[in-house]
Amino acid sequence: MYIKGNAKKKEFIKEIFYKFKRDKNIISATFVGSFVDKHSLKNISDIDLIIIVKNLNHKTKENLEKKISQINLNRLLGDKKKLLINNTFGPLKFNSNKNLVIHLMVYDRKGHIDHVIKSPFTVYDWERSNVYFKKKISEIYKVGSLQFDDFLSARRGLFNYANDIKLKKISYRKYRFFKNKYSTDKHFIRLQRRDKCEYYFHIVKNLILNFIKFNKKKNKLFFIEKEVNNLDKYFGKSFATKHTKNINNLIYAKKTKNWDISKNIDNWIINFIKDFQSIIIRQIDKSKKIVFLRHGKTKMNDGTFLGQNRNPDIDISQTKVKRKLQCNKIYSSPLKRSDQTAKFISKSKIIHDKNLLEINYGKIEGLTINKLYTKFPKLIENWKNGKDPKFPSGESQGEVARRLNIFLKKIIKDNSKKICVVTHNVVLRCLIGIYFKIEKKFWYKINIPHMLELEFLSNNKMIFPNINRKKIKILFSNFE
C-alpha cells in the first residue's frame, strides 16, 4: 500500500484501517478520489471511502459508520472540524468549512459487481488507488476497459446527466433495508446555485477526462485544468472554441468557491452534452464494426473437451438465431460448427481462416474435467501455479492468443464496413481476456455463450471493445 501525503493524512488513514482490523466481514476498504491524489487535506471537498463486505444489512452499515465516527479529528489533524458521514451514492456534496465529510459507500460483492456494470467510469477511477485494506477493488471484479457504449448507457453517462439537468435535480441513491435484504432507491434533490456549479463541474470534468482515458487507453490521473487547453486535440477546434470559456469559468468557480456564474449556464451545459454526444456517435459511425460470436451449440458440447480433433455439426434445435446479421464480410473457423453457423447467420461469402480454429486440446480431446484431473495431474498443478502449459500434444492459451493476434492484424487492414467473425470458446476467451486486461491464469473463467454477439470497433489501425455492460456481466459471471 502506497500512501501519498503528509504525516497527518497518513496517520488518519492508518487510524481508520486499524478500526477495521478485526472485522472479518470486510473484504476490501479503499480510499479513492482527490483525497488519494493530493498530499494534504486542504481544499478536499470530501473523503471517498469504499468498503466491500461479505454480508450487507442495516447493522453492518451502522457498525461501520460507528467505527469511523469514533475517529478523533482534533488529535489526528489538529482540526476542530466535525466529522460528517455521507452514506448516499452519487455526486451529492455535504462539505462546508465546519465539516470534514467522509463519503462512505458500502457494497456487498453482488452490489459492487452491479455498480461496475452500471457505473464503469466511477469504478475505473477507483481502480487507480493503492490506498487499500486487504484487497484492491480490481481484484474483486474489474472494469477492464472503457468503451464508447459506456458514454451512452452508463449510470453517469450522457443520458443520465441530461435527464438530471432537464429535471433541474441531482439524482442519487440510498439504501433501504428490510429484514436481511436491501434495495437502492433513487432520490432527487433540487439544484441550488452552489449545487448546480458543483454538479456541472462534475459533469464536464468527468466526461472530458473519461474520454481522454478512453482514447489513451490508460487509467491514470488527468487534470481538467491542464486538459482544457487541449480540447481541440481530442474534440476538434469547433468544440474547443464553443466550450472552453465556460469550462474555465466552472474551474474558476470550483477553485475559488465563487458560485455567482452566468445565468445562461443551464442552456450551455445542455449544449455541451449534446455536442459531446454527437462526437461519440460520430466516432462510432465512422468506425468499422466487427461482431464476434461463438458457433451454434453441438451435441458434443456436453462437458467434454471439444477442440480441433472432433468436427461435429451444429444442433439446429439448440441454435437460436433471432435475425440474420448484416455483414459486408464474414470470417469463420474452417471447422463445421463454425462454417455452418456462418451460413446460418449471413448470406455473405465466407472466408475461412485457420487462425480462428479452436484450441488444439491434443490428448485431452473428448475427456471430461474429472478424467483430466486423474490422467494429467501435472497439468492441473501448473494451472494452479498460474502457468500456461500446453495441452499434451496440443496448444497453450498463449499460442491461441498469438494466432488470434495474426487474424486481428489482418482484419484491421480489411476495408469492409461491417465484419462478422464466427469462432470458438477459447479463441473468444483470449480476445476478451486481452482487451479487458484479465490475467491469463483467469481466462478459463470467462463465460462465452453460444451465439452471443460481441461487438468490437476499429479505427486508426486499432481494435477496441464496444460491448454492452449487461453482456459483459454474462461474460464475467464466473468471477462472481
- Message: Could you go through Phe456 and Leu431, starting from their C-alpha distance and side-chain angles, then the distance that decides it, and tell me whether this counts as side-chain contact (heavy atoms from CB on, under 4.5 Å)?
- Response: CA-CA 10 Å; Phe456 280 64; Leu431 180 74; 3.7 Å; yes
- Note on the structure: Rounded to the nearest 0.5 Å, the CZ atom of Phe188 sits from the CG atom of Leu167 at a distance of 5.5 Å
- Heavy-atom check, side chain of Ile269 versus side chain of Val204, under 4.5 Å: yes
- Can you tell me if NZ on Lys217 sees more than 12 non-hydrogen neighbours from other groups inside 6.0 Å? yes
- Query: Below 4.0 angstrom, N of the basic side chain to O of the carboxylate: do Asp266 and Lys168 qualify?
  - Reply: no
- Task: May I ask you to check whether over 12 heavy atoms, not counting those of Lys174, lie within 6.0 Å of atom NZ?
- Result: no
- Heavy-atom side-chain proximity of Phe133 to Ile51 below 4.5 angstrom: no
- Message: For a 4.5 angstrom cut-off between non-hydrogen side-chain atoms, does Val131 reach Phe35?
- Response: no
- Exactly one of Gln147, Glu455, Lys289 clears side-chain hydrogen bond (donor to acceptor under 3.5 Å, both in side chains) with Asn466, and that residue is Glu455
- Query: Just by distance, with hydrogens left out, do Tyr141 and His115 show a side-chain donor and acceptor under 3.5 Å apart?
  - Reply: no
- Message: Within the 4.5 Å heavy-atom criterion, are Asp23 and Leu64 side-chain neighbours or not?
- Response: yes
- Do side-chain atoms of Asn55 reach the backbone of Asn25 as a donor and acceptor pair under 3.5 angstrom? no
- Hey, what do you get for CD1 (Ile16) to CD (Glu11), rounding to the nearest 0.5 Å? 11.5 Å
- Task: Side-chain contact test, heavy atoms from C-beta onward, threshold under 4.5 Å: evaluate it for Arg294 versus Leu452 and give yes or no.
- Result: no
- Between Phe177 and His58, what is the ring plane arrangement, given parallel below 30°, perpendicular above 60°, and tilted in between? perpendicular
- Query: Rounded to the nearest 0.5 Å, what separation is found between the CD1 atom of Ile247 and the OH atom of Tyr200?
  - Reply: 14.5 Å
- Task: Could you tell me if the ring centre of Phe17 sits under 6.0 Å from that of Phe31?
- Result: yes
- For Tyr161 and Asn206, which heavy atoms make the closest approach, and how far apart are they? OH-CB, 4.3 Å
- Task: Find the distance between CG (Asn460) and OG (Ser287) and round it off to the nearest 0.5 Å.
- Result: 8.0 Å
- Message: Using only atom types and a distance under 3.5 Å, with no angle test, would you say the side chain of Asn246 pairs donor to acceptor with the backbone of His243?
- Response: no
- Task: Indicate the atoms forming the closest heavy-atom contact of Glu453 with Leu293, along with that distance.
- Result: CA-CB, 4.4 Å
- Task: Verify, without hydrogens or angle tests, whether Lys288 (side chain) and Ile411 (backbone) share a donor-acceptor contact under 3.5 angstrom.
- Result: yes
- Classify the ring geometry between Phe476 and Phe479 as parallel (under 30°), tilted (30 to 60°) or perpendicular (over 60°). perpendicular
- First locate atom CG of Leu56, then atom CZ of Arg109, and finally report the distance between them rounded to the nearest 0.5 Å. 13.5 Å
- Counting distance only, does the side-chain N/O of Arg429 pair as donor-acceptor with the main-chain N or O of Ile446 below 3.5 Å? yes
- Begin with the C-alpha distance, continue with both residues' side-chain angles, and end with the deciding distance and a verdict on side chain to side chain donor-acceptor pair (under 3.5 Å) for Asp150 and Tyr124. CA-CA 12 Å; Asp150 295 332; Tyr124 191 70; over 6 Å; no
- Item | Residue pair Ile52 / Lys135, side-chain heavy-atom distance below 4.5 Å | no
- Query: Would a distance-only check, ignoring hydrogens and angles, find a side-chain to backbone donor-acceptor pair under 3.5 Å from Arg176 to Asp185?
  - Reply: no
- Message: Quick one, Tyr107 with Ile50, criterion side-chain contact (heavy atoms from CB on, under 4.5 Å). Give me CA distance, side-chain angles, the key distance, then yes/no.
- Response: CA-CA 8 Å; Tyr107 303 89; Ile50 317 302; 4.1 Å; yes
- Message: For a 4.5 angstrom cut-off between non-hydrogen side-chain atoms, does Glu15 reach Tyr18?
- Response: no
- Note on the structure: In terms of heavy-atom contacts, Phe89 and Val106 come closest through CZ-O, 3.7 Å
- Should Arg469 and Asp149 count as an ion pair when the cut-off is N to O under 4.0 Å? no
- Task: In sequence, state the C-alpha distance, the side-chain angles, and the governing distance for Leu454 and Ile432, and then conclude on side-chain contact (heavy atoms from CB on, under 4.5 Å).
- Result: CA-CA 9 Å; Leu454 304 173; Ile432 297 300; 4.2 Å; yes
- Query: Are Lys136 and Glu127 close enough for a salt bridge, meaning some N to O gap below 4.0 Å?
  - Reply: no
- Residue pair Lys61 / Asn87: nearest heavy atoms and the distance that separates them: NZ-ND2, 3.2 Å
- Message: Before we go on, tell me: are the rings of Phe211 and Phe222 under 6.0 Å apart, centre to centre?
- Response: no
- Query: Is the side chain of Lys473 donor-acceptor paired with the backbone N or O of Val116 at a distance under 3.5 Å, no angle test?
  - Reply: no
- Donor + acceptor pair across side chains of Tyr182, Asp108 (<3.5 Å): yes
- Can you tell me if Lys254 uses its side chain to pair, donor with acceptor, with the backbone of Phe201 under 3.5 Å? no
- Query: At their closest point, which heavy atom of Lys142 faces which heavy atom of Lys437, and how far apart are they?
  - Reply: NZ-O, 2.8 Å
- Query: Roughly how far, to the nearest 0.5 Å, is CD1 of Ile85 from CD of Glu65?
  - Reply: 5.0 Å
- Task: Report the C-alpha distance between Leu100 and Ile47 in whole Å, list the side-chain angles of each, state the deciding distance to 0.1 Å, and finish with yes or no for side-chain contact (heavy atoms from CB on, under 4.5 Å).
- Result: CA-CA 8 Å; Leu100 179 67; Ile47 298 171; 3.9 Å; yes
- Message: Looking at Lys445, is its backbone amide N or carbonyl O close enough to the side chain of Asn478 to form a donor-acceptor pair, meaning the two atoms are under 3.5 Å apart?
- Response: yes
- Item | Heavy-atom pair of closest approach, residues Leu379 and Pro389 | CD1-CG, 3.5 Å
- Query: With no hydrogens and no angle check, is any side-chain donor or acceptor of Asn385 less than 3.5 Å from a backbone partner on Glu381?
  - Reply: yes
- Item | Other residues, nucleotides, ligands: >12 heavy atoms within 6.0 Å of Lys387 NZ | no
- Hey, would you say the Phe239 and Tyr234 ring centroids sit under 6.0 Å apart? no
- Exam field: side chain Asp388 to backbone Gly398, donor-acceptor pair closer than 3.5 Å: yes
- Query: Parallel, tilted or perpendicular: which fits the ring planes of Phe214 and Phe148, with parallel below 30° and perpendicular above 60°?
  - Reply: tilted
- Task: Find out whether Leu207 and Leu158 are in side-chain contact, i.e. whether some heavy atom of one side chain is under 4.5 Å from a heavy atom of the other.
- Result: yes
- Query: Without hydrogens or angle criteria, can the side chains of Ser278 and Asp275 be said to hold a donor-acceptor pair below 3.5 Å?
  - Reply: no
